[in-house]
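A short write-up of the structure that comes next.
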There are 2 protein chains.
Amino acid sequence: MPSIDFDLRQLEIFCKVVELRSFSKAAEAVFLAQASVSERISNLEEAVGTRLLDRLGRTVVPTKAGEILYRHAIRLLEMRQKARLELEDFLGMKKGEIRIGGSTIPGEYILPGLIAQFHKKYPMVSVNLIIGDSKDIVQRVLDGDIELGIVGYKKSHPNLLYHALWDDELVLAIPNDHRWAQRPSVALDELLRERFILRETGSGTLKITEEFLGIQGINSLNVVARLGTSTAVKEGIKAGLGVSLISLWAVKAEVEKGILKALKIDGFPMHRSFYLLKHKKRSTSPLCQAMVDFLQATSEDKEGSRVGTKE
Amino acid sequence: MPSIDFDLRQLEIFCKVVELRSFSKAAEAVFLAQASVSERISNLEEAVGTRLLDRLGRTVVPTKAGEILYRHAIRLLEMRQKARLELEDFLGMKKGEIRIGGSTIPGEYILPGLIAQFHKKYPMVSVNLIIGDSKDIVQRVLDGDIELGIVGYKKSHPNLLYHALWDDELVLAIPNDHRWAQRPSVALDELLRERFILRETGSGTLKITEEFLGIQGINSLNVVARLGTSTAVKEGIKAGLGVSLISLWAVKAEVEKGILKALKIDGFPMHRSFYLLKHKKRSTSPLCQAMVDFLQATSEDKEGSRVGTKE
DNA sequence: TTATTGAATAGGTGTTCCCTATTTGTTAGA
DNA sequence: TCTAACAAATAGGGAACACCTATTCAATAA
C-alpha cells in the first residue's frame, strides 16, 4: 500500500479551505478556479485515504483527520516559507556566511581591514576568515572547505583559478639598532654573511624567497632559525636573533614606528603578487561573488592588476 | 517575480542526490530513471534561481545555496513523515482522541465502566467524556464539539441520527424507611398525593417523566423540589424530602445495598431507551466509529436493540 | 416553494512527469 | 596522449495531471 502522500501545493490549498471555510473563497485566495480546488482536495482525500473536510451545506469544516493534517500542514508551510526566505536572503546577498581563507600575510595584515570595509557594505554577512599557510589554503579551496583563498604564490592546478590582486615587495627587515640601520639597501653577498631567519615550509613567503634567491642562494644563507609565523619572525628580528626577508605588508607598522628598518637588496627587486584563488568547477555563491568583486575593486584602486571574474 | 517554489517530491530527490553524491544512485533510490532526476534537479535549480549542485565529474556536491536548501529540505521531509505517521496512527486507530458526550444517567452511571472496557481494547486512545444535560449534549453534537452523544431521549432534528442502545426503566425511588418500602408497586393516583421531587428542565429524565405522565399528570403532582442532578435527587429521597421517578441505572447501587427501594407503578410500565446520537452530515472518524461499534456491541449483548451505523 | 449560493462533475487543453535512447563530458588506465 | 568506462545532459514521446469553463446537483434562505 502506498504511503500517504501530499505535496505542498495541495496543503496550501487545503489550509486555505480550512481557514476560509469555503472552497470558492479558497480558490480565489490561491488564484484558482473553484473546480480546481474541489478536484485537488478530492485528490488529497484520496491520497490520505479519508475524508478531510465535511461539507455542511453553506460551510466547510475539517474532520478529525483534517484537523490533524491541518496542524501539520501549517507547520510545513511555515517551514517552506523559512527556507524560501533564507534562500532569498542568501541569493539577494542580504545575509549569510562566507568562508574564505588567507595565507599568513594577507590573512593577518591585509584582509582584516578589508573585511571591516566589506562588513560595512554588507552588515548581515558574516565573514569567516581561515588563516593558514598557502599550501593549506590551496588545499581547502580544492576541498570546497572555503570558497575563496588569498595567497602569496601561484601553484598551477587544473581545478584552480588565480587572479592577481595586490602587489607586494619582500624587504630585508632589520632591527633599528642594526649597523645597517641608516642604509637604504645592502648587496646580496653582504646578506649571505648575516644571521638569517627563515619561515617554515608551506609558507608562501619562503617559497617566494627561494624563487628569488634560488636553491643555492638559500643554501648559502646563514640560517639561525626557521619560525612558524611572520609575527615570530618579526619578534626574532627585534630581539636581534637575525634578519629576514619579509613582506612589506608585515613590517609596515613597525617600519612606520621606527622599530624596524626595511632595506632593499641592491639591484634585486623582489616584487610578487597576492592572488585571489577559486575553484574552477565549483560554482560561486552570490556572497562569494560579492566578496570577489569587492576585493578586485580594492586592487584596482591601488594598482592596475585586474582580471574579470564574472563570466 | 514568482517566489521560490519547490514541492516535497523535488526536495526528496534533491536530498537523495546530496546524500548519495550521485544523480544515478539517487535515481535508483527513488525509483526513477537517471534522466528524470536530472530534469527535476534542473527544474528545481531554475525555480530557486541558482545552481544547487556542482557536478564535479565523478562526484556531485551541493553549492552554498544547495547546502542551505538541503538543511531545510531535511527538516521539511521529517515533518512530512511525522504528519504521515500521526495520520496513519489515527486512521489505523492506534492512537488519538475522541470527544464524546453523555447526558447525566449514561454519562455518570453507564459510560464510565464502558470506557474502561474500551480503553483496554484501545490503550493508546484517550476518551474525553463530556457530561451535561441531554439538551446540552445534543447542541454539542450539532456544533461538532463532540463526535458522539449518548442521551436518554430522542429529539428529532434533520441533522441528527439516533440509534437505540440500551433499555432503561423509570422506577419510583423511595427511602428504605418509607411506608411503601415493602410494596412492589403503587398506583398512579397514590403517587399524585406523595411529596415529589423533579429534575430541572433540560434533563432527559424529566422529559421522559412528562411524556409518561402527560402535562396534566405533571401538573397535578405535589412537587416539593426541582433538583439539578440525579445525585441530588437521590440524596433528597434518602433525606426524606420526597420520592421521585428516576432511572433504574441511577439507583441500582443504592437498591442493591438496601438504601433505597425501587417500585413500579401499577399497570404503567415506564420503559425508555438510551440513544447513541451522531451528526448526520459530519463524517465519522475511525476512532469514533470504533467507539460506535463498541457501544453497539455492548447493547447487543444485553438486548436486541440494534441499528447499523456503518454505511 | 423558488431563488440563491456553493460544491461537484463533465469535457477539454496545456503542462509536467517520467520513460528510453542517445549525446556529451570527465576520469582512469593502456 | 589516446581510449574505455562512467556519469550527467539532452532529445523525443506518451501518460498523467493540473487547470480551465460550463454545467449540474444540493442545501439554505426568502
Side-chain angles (χ1 to χ4, degrees), chain A residues 2 5-14 16-48 51-63 66 142 144 157-160 279-283, chain B residues 2 5-14 16-48 51-63 66 142-144 157-161 279-283:
Chain A
D5 204 13
F6 41 76
D7 68 38
L8 291 171
R9 178 77 174 146
Q10 274 176 306
L11 294 184
E12 197 173 5
I13 296 170
F14 171 71
K16 272 276 172 287
V17 174
V18 171
E19 284 153 18
L20 300 174
R21 304 185 163 281
S22 154
F23 281 57
S24 37
K25 294 224 185 68
E28 213 176 310
V30 298
F31 306 106
L32 282 182
Q34 167 264 313
S36 307
V37 173
S38 278
E39 206 183 333
R40 297 215 68 159
I41 294 293
S42 130
N43 287 345
L44 182 59
E45 290 182 326
E46 200 177 329
V48 175
R51 186 146 270 236
L52 296 168
L53 296 164
D54 280 332
R55 287 77 160 168
L56 307 178
R58 181 122 325 206
T59 163
V60 177
V61 142
T63 63
L142 282 171
H157 183 287
N159 284 340
L160 291 178
H279 197 287
K280 193 182 281 177
K281 306 276 180 70
R282 292 181 197 270
S283 52
Chain B
D5 204 14
F6 41 76
D7 67 37
L8 292 169
R9 178 72 173 148
Q10 274 176 306
L11 294 184
E12 196 173 6
I13 296 169
F14 172 70
K16 272 276 173 287
V17 174
V18 171
E19 284 153 18
L20 300 173
R21 304 185 163 278
S22 152
F23 281 57
S24 38
K25 294 224 186 70
E28 214 175 309
V30 297
F31 305 106
L32 283 180
Q34 166 262 314
S36 307
V37 172
S38 278
E39 205 183 334
R40 298 214 67 157
I41 294 293
S42 132
N43 288 343
L44 182 60
E45 290 183 325
E46 201 176 330
V48 175
R51 187 146 269 236
L52 296 168
L53 297 165
D54 280 331
R55 288 76 160 170
L56 306 179
R58 181 127 319 210
T59 166
V60 176
V61 143
T63 63
L142 283 171
D143 292 347
H157 182 287
N159 283 340
L160 291 178
L161 274 175
H279 197 286
K280 193 184 280 176
K281 308 275 181 70
R282 293 182 196 268
S283 51

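Chain naming here is simple, since letters A, B, ... match the order of the sequence lines and numbering starts at 1 in each.
Counting distance only, with no hydrogens placed and no angle test, the side-chain atoms of A:E39 and the base atoms of D:dC19 include a donor-acceptor pair under 3.5 Å.
When the P atom of D:dA7 is taken as reference, atom CG of B:L53 falls 16 Å away, rounded to whole Å. Computed from coordinates, the B:K25 NZ to D:dA7 P distance equals 6 Å when rounded to whole Å. Taking atom CD of A:Q34 as the reference point, atom C1' of C:dA10 lies 13 Å away to the nearest angstrom. A straight line from CD1 of B:I13 to C1' of C:dC19 spans 14 Å, rounded to a whole angstrom. As a whole-Å value, the separation of A:L44 CG from C:dA8 P is 13 Å. As rounded to whole Å, 8 Å separates atom P of C:dT27 from atom CG of B:L56. Note: CD (B:E28) to C1' (C:dC19) measures 16 Å, nearest angstrom. A:I41 places its CD1 atom 17 Å from the P atom of D:dC17, with the value rounded to the nearest Å.
A salt bridge links A:D7 to A:R40: at least one charged side-chain nitrogen sits closer than 4.0 Å to a carboxylate oxygen. Taking 4.0 Å as the cut-off between side-chain N and carboxylate O, B:R55 and B:E45 count as a salt-bridged pair.
Sequence order on DNA chain D of the closest nucleotides to B:R58 and B:A35 puts B:R58 first from the 5' end. If you find the closest nucleotide of DNA chain C to A:V60 and to A:N159, the one lying nearer the 5' end belongs to A:V60.
Contact check, B:S38 against D:dA9: a side-chain N or O comes under 4.0 Å of OP1 or OP2. For A:R9 and D:dC17, the shortest distance from a side-chain N or O to OP1 or OP2 is not below 4.0 Å. Considering only side-chain N and O atoms, B:S24 lies nowhere under 4.0 angstrom from the phosphate OP1 or OP2 of D:dC6. Remark: B:K281 is in phosphate contact with D:dT28, judged by side-chain N or O atoms under 4.0 Å from OP1 or OP2. Distances shown here put a side-chain N or O of B:N43 below 4.0 Å from the OP1 or OP2 atom of C:dC17. Under 4.0 angstrom from either OP1 or OP2 of C:dC18 there lies at least one side-chain N or O belonging to B:R40.
Looking at the side chain of A:R55, the nearest of the listed nucleotides D:dA8, C:dA8, D:dT21 is C:dA8. You'll find that the side chain of B:F23 is closest to D:dA8, out of D:dA8, D:dC19, C:dA7.
A:D54 places a side-chain N or O within 3.5 Å of a backbone atom of B:S283 that can act as its donor or acceptor partner.
At a threshold of 4.0 angstrom between heavy atoms, the contacts of B:V37 with the nucleic acid are absent. Within 4.0 Å of A:S42, counting heavy atoms only, lies no atom of the nucleic acid at all.
In terms of heavy atoms, A:K281 sits closest to B:L56 at CB-CD2, 3.4 Å.
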Practice prompt. For the pair A:L52 and A:L44, evaluate side-chain contact (heavy atoms from CB on, under 4.5 Å) and give the outcome as yes or no after the intermediate values.
Written response: CA-CA 8 Å; A:L52 296 168; A:L44 182 59; 3.7 Å; yes

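Inspection of the B:S24 and B:E28 side chains reveals no N or O donor paired with an N or O acceptor under 3.5 Å.
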